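What follows is a short report on a single structure.
Chain identifiers are assigned alphabetically (A, B, ...) following the order of the sequence lines, protein sequences preceding nucleic acid strands; residue numbering begins at 1 within each chain. Quantities reported herein were computed from a predicted structural model and do not represent experimental measurements.
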Amino acid sequence: MIRSTNNIYINSIEPSAFDYIELLKIKVMRLAIFTAGVAMIIAPMPLNPFIALGSIVCIALGAGASGALNMWWDSDIDSVMKRTLTRPIPSGKITSDQALSFGIFLSVFSVIFLALFANFLSALLLAITISFYIFIYTMFLKRTTPYNIVIGGAAGAFPPMIGWAVSTNTIGIESILLFLLIFLWTPPHFWSLCLITKNDYSATKVPMLTETHGVEATKLQIFIYSIILSIPSILISFSSIGGLIYLISSIFLNVIFIFNAYLLMINSKNSKKYPFVVEKRLFLYSIFYLFVTFLLLLVEHFSKFFLPSYLVMIEDLLWI
Amino acid sequence: MDLNKVEDDLNIKRKSRNIWLALSLGLFIVIVFLVTIAKLSDGNLIEGFDHTLRPSLLKE
């Protein structure tokens, strides 16, 4: 606190609106909004666009709240890592208490209003998502086990389930498959990032797989997970949200993912001029993979409206 | 430390926060209004009963 010229005490940390927005981890929020939005659209029940809009806003705020609370708890780690040094709390733009209050307010607000806009099931799933991310992953798993991201990745896998629940008020096999897709995608995605930022994590006490088991073991795990990931990804083709277009495209996408993971596993050289080329390629491809997979689900959903009727009939016959 | 400069900086940040808060509240009001209309209408026309005949009753 500092004393101003007219004897009023001023709190020297006055964050701007952009500092609060930075707390929300917009990049992570984008994933939640996109996957939940796609699940809402492809669900079999029609949904009023205004209710969909309100629900998406609540899901986005819930994801943002998780990000804010995660930054509050991990501010000690963030202040040590180069990648996270510029975040609002380590850089002194926001205090821990301000971040905590903001996170709690957004959590409660988003859950209550999702219950009012949509239904109790989707609000319950949102509450579980936020709680899981904060209490299970952030406060417990992250600093305890090298497999933190395997279990903690469930938090990022809930949004499509929430989106499905907003539309249908149920948890169906389709939403479970979408959950499994993101759940199994998260480890190879995150571990490929860890391979690139390995030196950053070594400064913290976080037991990342690259630190506890080494680079080669991490690459092997990425390869194994890329194979397992293909199972729910292709199984979706045979559910009510899948189809022939999705099946063919999904096979290609998964083959390329597994191939990239294999190249990463057998690659032991690291060029000084172009470091981590294979790792970066896999990391960027994993983002592309998830985005295109959900896009294909949308294409499959709307294909019945623009495909010739005989093709739709053939597709229905194949899926009996 | 130039306290006048600090106060100016703080006022600018507060103003930016207030503007964003006002916009967020406005957006929230609009969303609540739209969702209320959606839920009340439930896919049907909302009819105003301002001393006029209700079309739905006429159909019956």
Atom pair CG (B:Asp9) and OG (A:Ser16), whose distance is rounded to the nearest 0.5 Å: 9.5 Å

Rounded distance (nearest 0.5 Å) linking atom CZ of A:Phe50 with atom OG of B:Ser41: 9.0 Å

Structural part of A:Ile21 lying under 4.5 Å from a heavy atom of chain B: side chain

Exercise: identify the closest heavy-atom pair between B:Arg17 and A:Ala17: CG-N, 3.6 Å

Nearest heavy atoms of B:Lys39 and A:Leu116, plus distance in Å: CE-O, 3.3 Å

Options B:Leu34, B:Ile31, B:Ile19, B:Leu21, ranked by heavy-atom pairs under 4.5 Å with chain A, top entry: B:Leu34

Test of ring centre spacing under 6.0 Å for B:Trp20 and A:Phe18: yes

Verdict with supporting geometry, A:Phe113 and B:Phe28, side-chain contact (heavy atoms from CB on, under 4.5 Å): CA-CA 11 Å; A:Phe113 277 93; B:Phe28 178 64; 3.3 Å; yes

Side chain to side chain, B:Val32 and A:Phe117, heavy atoms closer than 4.5 Å: yes

